[in-house]
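Numbering of ligands and ligand atoms starts at 1, following listing order.
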Amino acid sequence: MLKLAVLISGGGSNLKALIEAAADPSYPARIVCVGSDTEAPGLEHARAAGVPTFVVRPQDSDSREEWGQLLAAAIQEHGVGTGPEPGLVVSAGLMRILPAGFVREFSPNLINTHPALLPLFPGAHAVRDALAAGATETGVTVHIIDEGVDTGPVLRQAHVEVQPEETEEELHERIKQLERPLLVRTVRDIALDTLDLVQISQQHQS
Ligand code: GAR
């Protein structure tokens, strides 16, 4: 059984999809903790499901690296990133760039979901940037996190056609409708070793 630590900053609809999937005994992963950089509304999904939560605020640290160390320690307290079974850290709407030390601590068992077809439109405003660029198609990418911003190896993508006159919120919601099941499937495939993160990240480096 793969142990998951999920990191969020917002409403947590991707987290909710993972919680619902993991409630099925045949799903091969369990969420052992949910962390945030802020008192995110989505933490309520975890609390309602009896999953432990924690908040590690960057404002309470002297540096980004120190914040990353405190975040890593909070995750490791729940048995992810320690011992022979590394578990998986899932950034599902965490709106912070994880510091290099944190990435090295968990790599390659560290994934992110991003609302664009990477390498297009990395960063915090992917949906807005796709609309501003006049893209006719965008989507979602689940990828391994490396030390760059949204540059790690792509695991899975799903495409969405941009509709004329669509707002950022409308497009983002349509992306999320594909994103939630894509994330659930990708985590399942990592748990079942259908996706081998060690091998994929080694191939990406060579
Ligand atoms: C998701 O669409 C995720 O891809 C995005 O935030 C949303 C969180 O939604 N992440 C980023 O933009 C990271 N650069 P949720 O809180 O409803 O799961």
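- D62 CG: 12 or fewer foreign heavy atoms inside a 6.0 Å radius.
- When the shell of 6.0 Å around CD of E170 is examined, it contains more than 12 heavy atoms from other residues, nucleotides or ligands.
- With contacts defined as side-chain heavy-atom distances shorter than 4.5 Å, the pair I190/L155 qualifies.
- Close approach of ligand 1 to G93 (heavy-atom distance below 4.0 Å) involves ligand atoms 6 (O), 8 (C), 10 (N).
- The shortest N or O to N or O distance between S13 and ligand 1 is below 3.5 Å.
- Annotation for ligand 1: atoms under 4.0 Å from non-hydrogen atoms of G123 are 14 (N).
- Close to ligand 1: H172, with a non-hydrogen atom less than 4.0 angstrom away.
- For CD of E85, the number of neighbouring non-hydrogen atoms (other residues, nucleotides, ligands) closer than 6.0 Å is 12 at most.
- Protein heavy atom at the shortest distance from atom 12 (O) of ligand 1 is P115 CD, 3.3 Å.
- Of all the heavy atoms of H114, the ones lying under 4.0 Å from any atom of ligand 1 are found in both the backbone and the side chain.
- For a threshold of 3.5 Å applied to N or O pairs, the pair formed by G12 and ligand 1 contains at least one separation below that value.
- In this structure, S9 has no heavy atom closer than 4.0 Å to ligand 1.
- The distance from ligand 1 to the heavy atoms of M95 drops below 4.0 Å at these ligand atoms: 10 (N), 11 (C), 12 (O), 13 (C).
- Among pairs with a residue in residues 19-77, none fulfils ring-ring contact (aromatic ring centres under 6.0 Å, His included), at least two apart in sequence or across chains.
- In this structure, the protein non-hydrogen atom closest to atom 1 (C) of ligand 1 is E179 OE1, 3.2 Å.
- Protein heavy atom closest to atom 9 (O) of ligand 1, with residue, atom name and distance, is K176 NZ, 3.2 Å.
- In terms of polar-atom proximity, N112 is not counted as a contact of ligand 1, lacking any N or O under 3.5 Å from an N or O of the ligand.
- Each of K176, H143, E179 was compared with T113 under the side-chain hydrogen bond (donor to acceptor under 3.5 Å, both in side chains) criterion, and only E179 meets it.
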Please tabulate, for side-chain N and O atoms in residues 1-13, each donor-acceptor pair with protein atoms closer than 3.5 Å (sequence neighbours left out).
residue : atom : partner : partner atom : Å
S9      : OG   : D37     : OD1          : 2.8
S9      : OG   : M95     : N            : 2.8
S13     : OG   : R180    : NH1          : 2.8

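- The pair R57-E39 fails the salt-bridge criterion, with no side-chain N (NZ, NE, NH1 or NH2) lying under 4.0 Å from an Asp/Glu carboxylate O.
- Taking every non-hydrogen atom of T113 and a distance limit under 4.0 Å, the qualifying atoms of ligand 1 come out as 3 (C), 4 (O), 10 (N).
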